[in-house]
Amino acid sequence: MRVKGDASGLDELQQQIEDAYFNKLIEIGRDAVKFAQNSRGGNGLKQYQNHTWNLRNAPGFCIVRNGKIVHLEVGDDGGHPEAKTNTENLLIYSEHPQDGLYLADGMFYASFVESKGYDVLRNAINYARKMVNKKIFK
């Protein structure tokens, strides 16, 4: 069976759908970074003593599309250039096996702090997952 029709515009429609998807990921990434910066523990996690404010200024995210970073942001307040640079480097030079949203905290001791039961990025990652399911896959 042959169907005749005009398929022009389908590529443009697909591009618009993909653009909307990745724009929504940027929005979720920004919200997740704010969530990480304002996190005070929760889910049984303890709040760490924030002496330098580097951990709170290092959360960031990138969006990978077609295997390339198309958007990168770090939630630095402008006074923590080391935190910002570390997170940018971590996001840029880490592997990105698939397209999507990647969250990171580039301070070298972030995973150590998390391993001690404190929340650095864990709740923000869970928040981002929930928002992807709610805002994209609803």
Side-chain angles (χ1 to χ4, degrees):
M1 174 186 196
R2 287 200 170 222
V3 177
K4 289 185 178 183
D6 181 10
S8 65
L10 286 180
D11 289 341
E12 183 180 332
L13 176 61
Q14 181 179 355
Q15 185 69 36
Q16 289 174 353
I17 292 168
E18 287 179 14
D19 289 347
Y21 169 76
F22 285 102
N23 285 334
K24 189 57 74 174
L25 286 181
I26 291 170
E27 177 185 314
I28 292 168
R30 283 184 181 136
D31 290 345
V33 166
K34 288 177 190 168
F35 190 95
Q37 290 173 321
N38 296 318
S39 179
R40 299 291 181 247
N43 295 338
L45 300 173
K46 303 178 276 187
Q47 182 181 357
Y48 55 86
Q49 295 297 314
N50 202 352
H51 299 288
T52 65
W53 287 92
N54 281 329
L55 283 176
R56 292 275 186 243
N57 282 278
F61 73 96
C62 71
I63 304 297
V64 176
R65 183 174 184 175
N66 298 321
K68 297 183 186 207
I69 295 175
V70 294
H71 189 89
L72 188 142
E73 270 184 49
V74 179
D76 176 42
D77 64 5
H80 298 84
E82 177 187 5
K84 182 178 181 188
T85 300
N86 288 350
T87 301
E88 287 172 342
N89 288 336
L90 181 61
L91 288 167
I92 290 168
Y93 298 111
S94 293
E95 290 185 26
H96 306 103
Q98 55 189 351
D99 290 353
L101 169 64
Y102 290 83
L103 294 168
D105 189 305
M107 295 311 296
F108 70 90
Y109 52 87
S111 61
F112 174 77
V113 172
E114 283 265 352
S115 75
K116 295 298 182 185
Y118 296 98
D119 178 34
V120 175
L121 206 54
R122 188 175 311 152
N123 283 333
I125 291 169
N126 291 333
Y127 170 82
R129 279 189 187 117
K130 288 178 189 173
M131 291 300 103
V132 166
N133 288 328
K134 180 180 179 180
K135 293 183 176 188
I136 295 177
F137 298 119
K138 51 184 169 179

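When the side chains of ILVMFWY residues are joined at heavy-atom separations under 4.5 Å, either directly or via intervening members, M131 and F22 end up in a single hydrophobic cluster. Taken together through direct or relayed side-chain contacts under 4.5 Å among Ile, Leu, Val, Met, Phe, Trp and Tyr, V33 and L101 form part of one hydrophobic cluster. A continuous path of Ile, Leu, Val, Met, Phe, Trp and Tyr side chains, each step under 4.5 Å between heavy atoms, connects V70 with V132, placing both in one hydrophobic cluster. Each of L13 and Y21 belongs to its own hydrophobic cluster when Ile, Leu, Val, Met, Phe, Trp and Tyr are linked at side-chain heavy-atom distances under 4.5 angstrom. By the criterion of side-chain heavy atoms lying less than 4.5 angstrom apart, applied directly or through intervening Ile, Leu, Val, Met, Phe, Trp or Tyr residues, F35 is grouped together with L121 in one hydrophobic cluster.
The distance from atom CG of N123 to atom NZ of K130, rounded to the nearest 0.5 Å, is 8.0 Å. Annotation: the span from I63 atom CD1 to N23 atom CG amounts to 9.5 Å, rounded to 0.5 Å. Residue L103 holds its CG atom at 11.5 Å from OH of Y127, rounded to the nearest 0.5 Å. Note that the CD atom of E18 and the CG atom of N66 stand 7.0 Å from one another [nearest 0.5 Å].
Within a 6.0 Å radius of CZ in F112, no more than 12 heavy atoms belonging to other residues, nucleotides or ligands are found. Open room surrounds CD on E12; 12 or fewer heavy atoms of other groups in view lie less than 6.0 Å from it. No more than 12 heavy atoms of other residues, nucleotides or ligands lie within 6.0 Å of CG in D11, so this atom counts as exposed by the packing criterion.
Among all heavy-atom pairs drawn from A36 and R56, the shortest one is O-NH1, 3.2 Å. In plain terms, the two heavy atoms of L55 and D105 that are nearest each other are O-OD2, 2.9 Å. For C62 against H96, the heavy-atom pair with the smallest separation is SG-NE2, 3.8 Å. Smallest separation of non-hydrogen atoms from Q37 and N57: NE2-CA, 4.3 Å. Pairing each heavy atom of A58 with each of T87, the nearest pair is O-OG1, 2.5 Å. Closest heavy-atom contact between L90 and A104: CD2-CB, 3.7 Å.
Checking side-chain atoms of D119 against main-chain N and O of E114 turns up no donor-acceptor pair under 3.5 Å.
Looking at heavy atoms from C-beta onward, Q14 lies out of side-chain contact with I17 at the 4.5 angstrom threshold. With contacts defined as side-chain heavy-atom distances shorter than 4.5 Å, the pair D31/K135 qualifies. Within the 4.5 Å cutoff, no side-chain heavy atoms of L25 are placed close to those of F61. Looking only at side-chain heavy atoms (C-beta outward), F108 and N86 stay at 4.5 Å or farther from each other. Between I28 and I136 there is a side-chain heavy-atom pair separated by less than 4.5 Å.
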I'd like a table of donor-acceptor pairs (distance under 3.5 Å, sequence neighbours excluded) in which one partner is a side-chain atom from residues 71-79, with atom names and distances.
unit_1	atom_1	unit_2	atom_2	d
H71	NE2	E73	OE2	2.7
E73	OE1	R30	NE	3.2
E73	OE2	R30	NE	2.7
E73	OE2	R30	NH2	2.8
D76	OD1	G78	N	3.3
D76	OD1	H80	N	3.2
D76	OD2	G78	N	3.2
D77	OD1	G79	N	2.8
D77	OD1	H80	ND1	3.0

Evaluate side-chain contact (heavy atoms from CB on, under 4.5 Å) for I69 paired with Y102, printing each intermediate quantity in order. CA-CA 10 Å; I69 295 175; Y102 290 83; over 6 Å; no

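Looking at D19 and R65, a side-chain N of the basic residue comes within less than 4.0 Å of a carboxylate O on the acidic one, giving a salt bridge.
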